[in-house]
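Here the structure comes first, spelled out in structure tokens, and everything after it is commentary.
First the proteins, then the strands, lettered A, B, ... as listed; each starts at 1. These numbers come from a predicted model, not from an experiment.
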Amino acid sequence: MIPLSWYLILAAALFCVGLYGVLARRNVVAILMGIELMLNAVNLNLVAFWRYVSPRLIAGQVFAIIVFAVAASEAAVGLALIISIYRRHATVAAEDINMLKW
Amino acid sequence: MTILQLVFLATAAVTLVAALMVVVSPRMVHAALWLILALAGVAVLFVLLEAGFLGIVQVAVYIDAIAILIIVTVMLTQRAMGEGGRQVNRSWLWAALAAIVLFGGLLLMLSQAPGSATVATPLAADAEATVEDLGRALVDVDRYVLPFEVASVLLLAALIGAIVVARPSTEARREGRQP
């Protein structure tokens, strides 16, 4: 069988890759992709802990489903914001979106 | 080394490579396609974890909805960045350092945490019973009906919010400008 630590290490690596994407990319859509990777890593952890630590309680899967719903709404609103910003300012570079900076 | 372990290692390698390509690929459409591969890898891992329903939800929500949404947005906004332009910001080295330090810290923590070498006990119930239990738990007043309803309200709010935010402004429409 696969030890739990393998899943945890993979999820940690996936999270760190996503973190790099969020911190380093200039394109806002790419930043959103990094966030999706990080959410996936968290979901993987939740399901792995459910399977290995408490398979009798369904809470781990319920958590994962709520994360799915939050990820879907976050992606929808985020991409709508990006399209709106692109329409008004013709840019998707994160450093150009500074209308709220004083 | 059993077959399951080999499947896990192959899937993990594909997922990690795809995730790396997502963050380093200079072309956004390619990054979006690599993202689909990474999400599919996570779906396979859900199936390996005997959470088949979550694997299907992963395919339906992430690969079907979110990835398509991202690809459409990439295509709509493609001209803004250009193809040859710089894709990373000035502090990308710091970002890489932060990610590596975080990964090292997590590895250190995992190596010291007890029980990380535990092996899964076989599921008491079969797969169908697990899905049934999940469905009942989500609508049971004593269990998770509140998070379930909050999630539905959140989805509705996101739906309306996305439509309102992405609409062209009224002046733009009055002038007959192409959105």
Side chain, backbone, both or neither: which part of [X] has an atom under 4.5 Å from a heavy atom of chain A?
X: L106(B); result: side chain
X: A67(B); result: neither
X: R90(B); result: neither
X: A12(B); result: both
X: S152(B); result: neither

Restricting to non-hydrogen atoms, name the atom on [X] and the atom on [Y] that form the minimum distance, rounded to 0.1 Å.
X: L138(B); Y: V62(A); value: CD2-CG1, 3.8 Å
X: A72(A); Y: L155(B); value: CB-CD2, 4.4 Å
X: P3(A); Y: Q5(B); value: CD-NE2, 4.2 Å
X: A59(A); Y: Y144(B); value: CB-OH, 3.2 Å
X: R25(A); Y: V23(B); value: NH1-O, 2.7 Å
X: A51(B); Y: V47(A); value: CB-CG1, 3.9 Å

Checking heavy atoms, do the side chain of [X], its backbone, both or neither come under 4.5 Å from chain B?
X: A71(A); result: both
X: F15(A); result: side chain
X: I66(A); result: side chain
X: V28(A); result: neither

If you define the side chain from C-beta out and look only at heavy atoms, does anything of [X] sit under 4.5 Å from [Y]?
X: L39(A); Y: Y62(B); result: yes
X: I65(A); Y: F148(B); result: no
X: Y7(A); Y: L49(B); result: yes
X: L19(A); Y: F103(B); result: no
X: W94(B); Y: L23(A); result: no

Name the option with the most non-hydrogen atom pairs under 4.5 Å to chain A; the candidates are [options].
options: T15(B), I163(B), L154(B), L93(B); answer: L154(B)
options: S25(B), A151(B), A157(B); answer: S25(B)
options: A95(B), A162(B), P147(B), A98(B); answer: A95(B)
options: L107(B), L35(B), L134(B), V74(B); answer: L134(B)
options: V61(B), V22(B), V72(B); answer: V22(B)

Which value, rounded to the nearest 0.5 Å, describes the distance between [X] atom [atom1] and [Y] atom [atom2]?
X: C16(A); Y: I100(B); atom1: SG; atom2: CD1; result: 9.0 Å
X: I58(A); Y: D140(B); atom1: CD1; atom2: CG; result: 12.5 Å
X: Q61(A); Y: F46(B); atom1: CD; atom2: CZ; result: 9.5 Å
X: L110(B); Y: L8(A); atom1: CG; atom2: CG; result: 5.5 Å
X: R87(A); Y: T77(B); atom1: CZ; atom2: OG1; result: 12.0 Å
X: W50(A); Y: L54(B); atom1: CH2; atom2: CG; result: 7.5 Å

Is there a path of hydrophobic side-chain contacts, each under 4.5 Å between heavy atoms of I/L/V/M/F/W/Y residues, joining [Y] to [X]?
X: L10(A); Y: V47(B); value: no
X: L20(B); Y: M28(B); value: yes
X: I35(A); Y: V42(B); value: yes
X: V44(B); Y: V17(A); value: no
X: L76(B); Y: I70(B); value: no

**OP:** Select, from V77(A), I82(A), L79(A), the one with the greatest count of heavy-atom pairs under 4.5 Å involving chain B.
**Re:**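 Most pairs with chain B among the choices: L79(A).
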
Subject >> Heavy-atom pairs under 4.5 Å with chain B, option from A30(A), A13(A), A75(A) with the top count >> reply: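 The answer is A13(A).
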
Original post:
T73(B) and I83(A): side-chain contact (heavy atoms from CB on, under 4.5 Å), yes or no, with the steps?
Top reply: CA-CA 7 Å; T73(B) 312; I83(A) 287 180; 4.1 Å; yes

Original post:
So, Q58(B) versus N40(A): side-chain donor-acceptor pair below 3.5 Å or not?
Top reply: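 Short answer, yes.
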
Original post:
Crowded around F68(A) CZ? As in, over 12 foreign heavy atoms under 6.0 Å?
Top reply: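 For F68(A), atom CZ is crowded (more than 12 foreign heavy atoms under 6.0 Å).
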
Original post:
F8(B) vs W6(A) aromatic rings, parallel, tilted or perpendicular, using cut-offs 30° and 60°?
Top reply: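 If you compare the ring of F8(B) with that of W6(A), the planes turn out tilted.
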
**OP:** Test side-chain contact (heavy atoms from CB on, under 4.5 Å) on L45(B) and L44(A) and set out the steps.
**Re:** CA-CA 8 Å; L45(B) 291 173; L44(A) 194 59; 3.8 Å; yes

